[in-house]
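Within every chain, numbering begins at 1; the chains are lettered A, B, ... in the order of the sequence lines, protein sequences first and strands thereafter. Basis for what follows: all heavy atoms, side chains included, without hydrogens, waters or symmetry-related copies.
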There are 2 protein chains.
Amino acid sequence: MRSETIPAKSGRAWRVAAGRSLRVVDVDGGQTGDLFAVAADDPADGQSNGRTFDYGGTLRLSTGSVLYSRRSRPLLRIAEDEVGTHDFLYAPCSQQMYEIEYAATGPRPNCFDNLVGALAAFGVPASTVTTAFNVFMNVGIAPDGGLTVLAPASAVAGRGTTFVAERDLFVAVTSCPASNCNGGRAQRLVVELL
Amino acid sequence: MRSETIPAKSGRAWRVAAGRSLRVVDVDGGQTGDLFAVAADDPADGQSNGRTFDYGGTLRLSTGSVLYSRRSRPLLRIAEDEVGTHDFLYAPCSQQMYEIEYAATGPRPNCFDNLVGALAAFGVPASTVTTAFNVFMNVGIAPDGGLTVLAPASAVAGRGTTFVAERDLFVAVTSCPASNCNGGRAQRLVVELL
C-alpha cells in the first residue's frame with residue numbers, strides 16, 4: 001500500500017491498473033475532493049455523470065455504484081464507503097467560478113485546473129475533463145430540484161471511500177479549495193493506492 | 001420566422017446569432033428532443049449541466065433559466081416555456097446505450113450520433129458533446145436520489161419552449177428515438193428560428 005498526501009488546494013494523478021483499489025481518506029475531517037477517472041486506452045473516454053445516471057438510475061452513489069465513461073464503459077466501482085455522501089452534479093470549481101461566485105480578482109487555485117494539470121502528464125486533454133465525482137461533497141436536493149451545498153458528512157476524521165478500477169485507468173484526485181464546500185477551510189486529503 | 005422539421009430519430013443544427021430565438025415545438029405531443037449549444041467562437045465551449053447547476057442552483061430549468069458553457073459563459077436563456085418539464089441529467093442516448101439497455105444487436109439511430117453529426121458541419125468536435133438539455137423529457141427524482149423516466153409532460157400537441165441565444169451559437173436539436181422517453185413511439189419535432 002502506498003499512501004499519498006494531496007496538499008490543500010492541489011491535485012495529483014496516478015495510473016491505476018485494473019483490479020487495483022484507491023481509497024480517498026478525509027484525514028482531518030470535513031474536506032471534499034474531486035475525483036476524475038479516464039480509461040487508459042482512450043484519453044477521450046473520461047467518466048460521465050450522465051452515463052452513470054443512465055445505468056445506475058440514481059443521483060446518490062455509494063457502495064456498489066459504478067462510475068461509467070462517456071463510451072458507456074465501467075471505470076470505477078465503489079467497494080466500500082465509510083462516508084456515504086458524495087456529489088456528481090456540480091462541475092469542478094474553476095477560475096471563472098471563483099470570479100463569478102466569489103468575486104475573485106486574481107488567480108485562484110481550483111479543482112478544474114488541478115485535474116487538467118495532473119492528467120496532462122498522462123496525455124489526457126482538457127476537453128476530457130467534465131464533471132468530477134465530488135468525494136464527500138454533501139448536496140441537498142429539494143423536492144422542487146433546488147440544490148444546497150451542505151457541510152461534508154465526513155466530519156469524523158479518518159473516514160474514507162474505496163474505489164476499485166474496472167479497467168486500466170488514469171485517476172486524478174484534488175483537495176478542493178472552495179471554502180463553502182469545506183466548512184470554511186481547505187485541508188489535505190490522503191489517497192491510499194492499494 | 002423559419003420553421004424546420006426534425007424528422008423522427010434524426011437531428012439538425014443551425015448557427016443562431018446572439019439575441020435570436022429558437023422555439024422547439026412538440027407538434028404531435030409526447031415527444032422529447034436533445035438540445036446542445038456551443039459557443040460559435042470556441043468549438044470546445046459547449047453547454048455544461050454542472051456549470052448550469054453551479055449558477056442556477058436547481059436541477060429544474062424553466063422560464064428564466066440560463067444554460068451555461070464549460071467556460072462559464074451564458075449560452076441560452078429560456079424565455080418562454082409552455083411545457084415546464086425538462087431533464088439535464090441523462091446523457092444522450094447512444095449506440096452503446098441501446099446495446100446495454102435495449103439489447104440492440106445492430107446499429108440504432110441515436111441522439112449522440114445525431115448531435116455529433118449535425119454539429120460536425122460547424123467544426124464542433126465530438127469531444128464537445130456531453131449531456132444535452134433534454135427538452136420535454138420528464139424525469140422523476142425521489143427523495144433518495146432515485147431517477148425514473150416518465151411520459152413527457154408535453155402531451156398537449158403544439159406546445160413548445162423558447163430559448164434566446166445569449167451569444168453567437170451553434171445549436172443542434174434531435175428528435176429522440178428512445179421509446180421509453182416518448183411513450184413508446186418516436187415522432188418529429190419542429191424548430192422555429194425566430
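- Ile78(B) and Leu147(A) fall within a single hydrophobic cluster, where Ile, Leu, Val, Met, Phe, Trp and Tyr are joined by side-chain heavy atoms under 4.5 Å apart, directly or via other members.
- Heavy atoms closer than 4.5 Å to chain A are found nowhere in Pro125(B), neither backbone nor side chain.
- The closest side-chain donor-acceptor pair between Thr161(A) and Glu80(A), if any, does not fall under 3.5 angstrom.
- In this structure, chain B has a heavy atom under 4.5 Å from the side chain of Glu101(A), while its backbone stays farther away.
- Contacts between Ser127(A) and chain B at a heavy-atom distance below 4.5 Å involve backbone atoms as well as side-chain atoms.
- In summary, Glu192(A) and Arg2(A) do not engage in a salt bridge, as defined by a charged side-chain N under 4.0 Å from a carboxylate O.
- When heavy atoms are compared at a cutoff of 4.5 Å, Ala142(B) does not approach chain A at all.
- For the options Ser94(A), Pro143(A), Gly46(A), Ala44(A), heavy-atom pairs under 4.5 Å to chain B are most numerous at Ser94(A).
- Looking at Ser69(A) and Asp45(A), their side chains do bring a donor and an acceptor atom within 3.5 Å of each other.
- With a 4.5 angstrom heavy-atom cutoff, Arg51(A) touches chain B via backbone and side-chain atoms both.
- Side-chain atoms of Asp81(B) and Thr63(B) form no donor-acceptor pair, as typed in the model, at a separation below 3.5 Å.
- The residues Asp41(B) and Arg73(B) are annotated as salt-bridged, a charged nitrogen and a carboxylate oxygen being separated by less than 4.0 angstrom.
- Of the two parts of Leu89(A), the backbone and the side chain both hold a non-hydrogen atom closer than 4.5 Å to a non-hydrogen atom of chain B.
- Contact annotation for Tyr55(A): both backbone and side-chain heavy atoms come within less than 4.5 Å of a heavy atom of chain B.
- The candidate from Thr131(B), Thr130(B), Ile100(B) with the greatest count of non-hydrogen atom pairs under 4.5 Å with chain A is Ile100(B).
- For Phe88(B) and Phe133(B), the gap between ring centers is short of 6.0 Å.
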